[in-house]
Amino acid sequence: EQSAQELFYSSLYKQSEVLFRSAFELWLGSIDRIEGAMVRMVQPLDPNYKRLEAELTTDDLFMLQAILQHSSLTPEELSAVFNIGMDQAHLRLERLAALEIVEPEPVFPGLRVRPQARRFVHDALDRQNLL
């Protein structure tokens with residue numbers, strides 16, 4: 001049997017897909033409370049995105065693929081990549097943000113795939129042979 005610490009870090013490793021920033025953000029999100037010099041952590045649970053799979057259109061999947069390829073995309077960049085209007089680019093990104101699949105990139109302008117949704121997005125793209 002694995003110890004609680006081993007289970008925590010193997011779950012963190014699996015969810016972050018070996019990306020340091022994703023792992024760090026997942027680790028920060030796992031902090032329950034701090035008491036004195038003791039940090040209490042909760043197990044990083046796999047988010048359940050399976051209910052969203054039926055809601056994703058082919059256009060959504062292509063957008064997610066482009067966002068993954070470029071790390072993040074602004075509405076202007078999305079508009080140029082897919083040759084669509086700015087209003088439509090904003091609406092598509094807002095839809096993915098409302099579904100909690102993308103979030104603002106903390107370092108650069110644009111939106112990125114949320115660390116918690118990264119594995120789901122990879123699996124969804126793989127099932128459609130888009131990866």
Side-chain angles (χ1 to χ4, degrees):
E1 272 187 46
Q2 290 183 320
S3 69
Q5 183 176 357
E6 290 171 330
L7 287 171
F8 176 86
Y9 284 108
S10 68
S11 178
L12 193 65
Y13 177 84
K14 180 179 170 189
Q15 287 184 51
S16 68
E17 295 184 338
V18 198
L19 296 173
F20 174 78
R21 189 172 57 189
S22 295
F24 185 67
E25 289 178 13
L26 289 166
W27 180 82
L28 284 175
S30 298
I31 295 174
D32 184 37
R33 64 184 181 275
I34 300 172
E35 298 172 346
M38 179 73 72
V39 177
R40 304 265 181 201
M41 308 292 286
V42 294
Q43 186 72 18
L45 300 174
D46 286 334
N48 187 2
Y49 284 96
K50 294 297 181 189
R51 63 180 172 78
L52 296 178
E53 191 167 0
E55 293 186 37
L56 292 178
T57 66
T58 304
D59 288 340
D60 293 334
L61 293 171
F62 279 118
M63 280 188 294
L64 290 168
Q65 181 189 42
I67 292 170
L68 282 176
Q69 284 179 337
H70 298 278
S71 301
S72 69
L73 284 178
T74 64
E76 294 80 13
E77 293 167 333
L78 186 71
S79 174
V81 168
F82 289 102
N83 197 25
I84 58 175
M86 283 294 297
D87 291 339
Q88 192 174 15
H90 275 286
L91 288 174
R92 288 183 180 184
L93 287 174
E94 286 175 6
R95 172 177 150 56
L96 291 174
L99 293 173
E100 297 182 356
I101 296 174
V102 298
E103 67 183 6
E105 169 64 52
V107 180
F108 304 105
L111 295 173
R112 68 174 182 174
V113 174
R114 295 182 72 215
Q116 299 88 340
R118 195 170 184 82
R119 193 167 36 135
F120 163 75
V121 170
H122 275 273
D123 291 345
L125 292 173
D126 189 48
R127 278 190 286 283
Q128 297 297 319
N129 294 323
L130 295 175
L131 200 52

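Not measured: the values here are computed from a predicted model.
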| Knowing that exactly one of Leu96, Val113, Leu61 qualifies, which makes a side-chain contact (heavy atoms from CB on, under 4.5 Å) with Val121? | Val113

| Set of salt bridge (charged side-chain N to carboxylate O under 4.0 Å, His left out) partners for Glu94, sequence neighbours left out |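 Checked Glu94 against salt bridge (charged side-chain N to carboxylate O under 4.0 Å, His left out); zero matches.
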
| Set of salt bridge (charged side-chain N to carboxylate O under 4.0 Å, His left out) partners for Glu35, sequence neighbours left out |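 In terms of salt bridge (charged side-chain N to carboxylate O under 4.0 Å, His left out), with neighbours along the sequence ignored, Glu35 is linked to Arg33, Arg40.
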
| query | Can you list every salt bridge (Lys or Arg N to Asp or Glu O under 4.0 Å) pair that touches residues 102-111, not counting sequence neighbours? | reply |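 Applying salt bridge (Lys or Arg N to Asp or Glu O under 4.0 Å) to every pair that reaches into residues 102-111, excluding sequence neighbours, yields Arg21-Glu105, Glu103-Arg112, Glu103-Arg114.
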
| said: More than 12 heavy atoms of other residues, nucleotides or ligands under 6.0 Å from CG of Asp87: yes or no? | reply: no

| task | Could you walk me through whether Lys14 and Arg119 pass the side chain to side chain contact (heavy atoms under 4.5 Å, CB included) test, one step at a time? | result | CA-CA 9 Å; Lys14 180 179 170 189; Arg119 193 167 36 135; 2.8 Å; yes

Verify, without hydrogens or angle tests, whether [X] (side chain) and [Y] (backbone) share a donor-acceptor contact under 3.5 angstrom.
X      : Y      : result
Gln65  : Leu130 : yes
Ser79  : Pro75  : no
Ser11  : Phe8   : no
Gln128 : Leu125 : no

Rounded to the nearest 0.5 Å, what separation is found between the [atom1] atom of [X] and the [atom2] atom of [Y]?
X      : Y      : atom1 : atom2 : result
Leu64  : Arg118 : CG    : CZ    : 11.0 Å
Arg92  : Phe82  : CZ    : CZ    : 7.5 Å
Arg127 : Asn129 : CZ    : CG    : 11.5 Å
Phe62  : Leu78  : CZ    : CG    : 13.0 Å

| Can you name the side chain to side chain donor-acceptor pair (under 3.5 Å) partners of Thr74, sequence neighbours left out? |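 Result, side chain to side chain donor-acceptor pair (under 3.5 Å) vs Thr74: Glu76, Glu77.
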
| note | The side chain to side chain donor-acceptor pair (under 3.5 Å) partners of Arg95 (sequence neighbours excluded) come to Asp60

| Taking only residues two or more places apart in sequence or in another chain, which ones pass side-chain contact (heavy atoms from CB on, under 4.5 Å) with Leu111? | Leu93, Val102, Pro104

| field | By side-chain contact (heavy atoms from CB on, under 4.5 Å) - contacts of Tyr13 (at least two apart) | value |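 For Tyr13, the residues satisfying side-chain contact (heavy atoms from CB on, under 4.5 Å) (neighbours in sequence not counted) are Val18.
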
Report whether [X] and [Y] are members of the same hydrophobic cluster (ILVMFWY, side-chain heavy atoms less than 4.5 Å apart, transitive linking).
X      : Y      : value
Phe24  : Leu12  : yes
Leu26  : Phe120 : no
Ile101 : Val81  : yes

| query | Of the non-hydrogen atoms in Gly110 and Ser72, which two are nearest, and what is the gap between them? | reply |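 The pair with the smallest heavy-atom distance is C-CB, 4.4 Å.
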
| Worked check of side chain to side chain contact (heavy atoms under 4.5 Å, CB included) between Asp32 and Met41 | CA-CA 5 Å; Asp32 184 37; Met41 308 292 286; over 6 Å; no

| So which residues get pulled into Phe108's cluster when ILVMFWY side chains under 4.5 Å apart are joined, directly or through others? | Val107

| remark: The remaining residues in the hydrophobic cluster of Val42, counting side-chain heavy-atom contacts under 4.5 Å among Ile, Leu, Val, Met, Phe, Trp and Tyr, are none

